[in-house]
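Beneath this line is the structure, given in structure tokens, with notes to follow.
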Amino acid sequence: MLKIGVITMALLSFLNAGWFSLLFGSNPDPISIPIDLSQAGSVVEKEVKIEETWSYHLILQFAVRDRKEDGGLDGKRVWKFLGFNSYDPRDGKQVGYVDYRLAKSELGDLIDETYDCDGTVVPIKITIHQINQDNTKKLIVDNLYMTKGNGGGAYTRDITTIFLDKGKYIFRIENIEAFSEMIGRKVDFTIYINKRDK
């Protein structure tokens, strides 16, 4: 019994010392920044601390009401907006394709033959400055992304993947076009580590 206690205490000391994360690595929590897609020219700017040098996915995440409230209609509206096709955020190549018949079977009367399975194209301007130790700024990204399709996750859309060094950054995200169907919809611009490259 004493041996088990000693082993347990040694294991807890090992974990508490942070050696576990050094040996096996860690995945920093995603960073979410609310963005308003219902207003053209809506801008958010936030200082972000990147904890680990790695590649990061930039995505949009859409909040959806509980399925019990409306039988899933709200989720279908978001899927209509996002579309069914998907694209690799690293190079923009199409990786998933759905034809109109399948989209119609999922969305029913919400769409007709004019529906594009890429969904609604959303132009997002992203500017990222790295903050140096002397508080000067270095421009890392200054691009307009014509986002389309879904991210393969629950109500997400991939924007791009970028490599970031550990440190502080200022992210500036601008929505270029107004989308009335996004009025009252919580949408987050989210930064998370690319686990596929881990």
Going by the angle between their ring planes, with limits at 30° and 60°, are Phe84 and Tyr115 parallel, tilted or perpendicular? perpendicular
Pair Ile124-Ile176, side-chain contact (heavy atoms from CB on, under 4.5 Å): steps then yes or no: CA-CA 6 Å; Ile124 300 286; Ile176 303 300; over 6 Å; no
Give a yes-or-no answer on whether the side chains of Asp188 and Thr190 include a donor-acceptor pair shorter than 3.5 Å. no
Classify the ring geometry between Phe179 and Phe81 as parallel (under 30°), tilted (30 to 60°) or perpendicular (over 60°). perpendicular
Test of understanding: clusters of I, L, V, M, F, W, Y form through side-chain heavy atoms closer than 4.5 Å, transitively. Do Ile31 and Val44 belong to the same one? yes
If we ignore hydrogens and angles and just use 3.5 Å, is the side chain of Asp99 paired with the main-chain N or O of Leu102 as donor and acceptor? yes
In terms of heavy-atom contacts, Glu113 and Tyr100 come closest through N-OH, 3.5 Å
What's the shortest heavy-atom distance between Gly149 and Arg157, and which atoms? O-NE, 2.7 Å
How about Phe163 and Tyr56: are their ring centroids closer than 6.0 Å? no
How close do Pro123 and Val121 get, heavy atom to heavy atom, and via which atoms? CD-O, 3.7 Å
Can you see whether Tyr87 has Lys148 sitting over its ring - NZ or CZ less than 6.0 Å from the centre and within 45° of the normal? yes
Hey, is the main chain of Val98 close enough, under 3.5 Å, to the side chain of Asn85 for a donor-acceptor pair? yes
With a 4.5 Å limit on heavy-atom distance, are the side chains of Arg185 and Asp74 in contact? yes
Before accepting this row, confirm whether a basic side-chain N of the pair Arg172/Asp142 lies closer than 4.0 Å to the acidic partner's carboxylate O. no
Determine, step by step, whether Asp165 and Ile50 satisfy the side-chain contact (heavy atoms from CB on, under 4.5 Å) criterion, reporting the C-alpha distance in whole Å, the side-chain angles of both residues, the deciding distance to 0.1 Å, and the verdict. CA-CA 7 Å; Asp165 288 319; Ile50 296 297; over 6 Å; no
Under a 3.5 Å threshold, yes or no: a donor from one side chain and an acceptor from the other, between Gln61 and Thr156? no
I'd like to know if the side chain of Thr161 pairs up with that of Ser55 as donor and acceptor (distance under 3.5 Å, no hydrogens or angles considered). no
